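Working notes, structure below.
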Protein chains: 2
Amino acid sequence: MAEPRLDAFQVIADASRRQILMLLSKNNLTVNNLAGNFDMSRPAVSKHIKILQTTGFISITDKGRERYCSLKKEGFDALNEWLSYFDQFWGSKLKNLENLMNDKLKIKN
Amino acid sequence: MAEPRLDAFQVIADASRRQILMLLSKNNLTVNNLAGNFDMSRPAVSKHIKILQTTGFISITDKGRERYCSLKKEGFDALNEWLSYFDQFWGSKLKNLENLMNDKLKIKN
DNA sequence: TATTTGAGTAACTTAAAGGTTACACATTAT
DNA sequence: ATAATGTGTAACCTTTAAGTTACTCAAATA
């Protein structure tokens with residue numbers, strides 16, 4: 001992969017990386033733990049992890065020969081900021097969340 | 001370009017497309033208007049516009065031989081939803097979500 | 001100590017996004 | 001009618017992200 005230098009938008013453009021983030025939102029996992037969830041080779045996952053780390057989406061804690069991955073806020077900041085800008089067009093973000101929840105949870109009052 | 005079928009995340013991964021959206025947030029512009037803001041050729045811009053249209057980020061209104069582009073909410077929805085999910089980890093919006101849910105659902109514990 | 005296990009790196013290949021130029025085709029203007 | 005303008009499409013080229021296999025190395029285990 002040669003360690004491409006990607007920005008936050010490119011980082012989340014990859015479905016595998018989004019899946020990694022999703023998995024880490026439920027448990028902190030090692031590289032091998034994560035790799036077990038994918039069809040691709042471990043080195044491929046390893047590289048995705050490196051990208052996620054260098055772009056601030058995850059942090060890694062070494063524990064012996066294992067490396068535990070966990071979500072990190074920093075990487076999401078640029079994305080939140082960008083979306084917030086456009087939210088001006090569609091009303092407040094809170095409003096969106098509200099609509100989203102009304103849809104998802106089918107709230108009846 | 002052969003009209004790749006991109007998802008919302010891939011759509012905004014391209015800096016030129018983000019720039020187009022940014023320009024449209026200030027004015028509704030024609031294809032040529034937009035192209036004037038870029039170094040790349042007009043056909044290249046034209047293809048970006050098509051991608052933005054087919055993925056619901058913009059809508060286009062024909063006016064004679066001109067095509068006016070304007071922002072469209074739909075395309076942003078998937079992104080907002082995805083980010084909202086991860087916002088739960090950083091608490092900033094979790095508070096809002098909680099309040100919202102307590103309000104809407106009148107959760108009793 | 002020898003072996004297995006977790007993980008990173010190097011070298012290579014492939015698929016596809018993103019650009020270009022050339023062209024076609026309406027619509028508008030002269 | 002002819003020319004100019006706004007735009008889309010086709011064919012092509014280039015770059016690069018993303019995958020692979022093979023290898024190395026350090027830490028844990030037998």
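All values reported here derive from a predicted model rather than from experimental measurement. In the text below, chain A, chain B and the rest are named by the order of the sequence lines, each starting its count at 1.
Using the six-membered ring where Trp is involved, A:F76 and B:W90 have ring planes that are tilted, between 30° and 60° apart.
For A:D77, the side chain to side chain contact (heavy atoms under 4.5 Å, CB included) partners at least two apart in sequence or on another chain are A:K73. B:S25 meets the side chain to side chain contact (heavy atoms under 4.5 Å, CB included) test with A:Y85, A:F86, A:F89, B:M22, B:L71; sequence neighbours excluded. Judged as a side chain to side chain contact (heavy atoms under 4.5 Å, CB included), and not counting sequence neighbours, the contacts of B:D7 are A:R18, B:F9, B:Q10.
Screening residues 33-44 of chain B for side chain to side chain donor-acceptor pair (under 3.5 Å) gives B:T30-B:N33 as the qualifying pairs, with residues at least two apart or on separate chains. A salt bridge (Lys or Arg N to Asp or Glu O under 4.0 Å) check over residues 55-64 of chain A, counting only residues at least two apart or in different chains, returns the pairs A:D62-A:R67.
You'll find that the side chain of B:S16 is closest to C:dG19, out of C:dG19, D:dG19, D:dT7. Of the candidates D:dA11, C:dT9, D:dG8, C:dT9 carries the atom nearest the A:S46 side chain, counting heavy atoms from C-beta on. When the nucleotides C:dG8, D:dT21, D:dT9 are ranked by their closest atom to the side chain of A:S41, D:dT21 comes out on top.
Taking atom CZ of residue A:R67 and atom P of nucleotide D:dA26, one finds them 15 Å apart after rounding to whole Å. Protein atom CD1 of A:I20 is 12 Å distant from nucleotide atom C1' of D:dA18, rounded to whole Å. Atom C1' of nucleotide C:dA15 and atom CG of A:D14 are separated by 14 Å, given to the nearest angstrom. The distance from atom CG of A:L29 to atom P of C:dA7 is 11 Å, rounded to the nearest whole Å. Straight-line distance from the CG atom of A:L6 to the P atom of D:dA17: 6 Å, rounded to whole Å. Separating the CZ atom of A:F9 from the P atom of D:dA17 is a distance of 17 Å, rounded to the nearest angstrom. In this structure, OH of B:Y68 is placed 14 Å from P of D:dG8, rounded to the nearest angstrom. Following rounding to the nearest Å, A:K47 (NZ) and C:dA10 (P) show an atom-to-atom distance of 10 Å.
A heavy atom closer than 4.0 Å to some atom of DNA chain D occurs in A:G64, A:R65, these being the qualifying members of residues 55-66 of chain A.
Residue A:R17 has no polar side-chain atom (N or O) positioned under 4.0 Å from OP1 or OP2 of D:dA17. For D:dG19, the OP1/OP2 oxygens have a side-chain nitrogen or oxygen of A:H48 closer than 4.0 Å. A sub-4.0 Å separation between OP1 or OP2 of D:dT5 and a side-chain N or O of B:N32 is absent. Of the side-chain N and O atoms in B:T30, none sit less than 4.0 angstrom from OP1 or OP2 of D:dG6.
Of the candidates A:L34, A:L21, A:L29, A:C69 forms a side-chain contact (heavy atoms from CB on, under 4.5 Å) with just one, namely A:L34.
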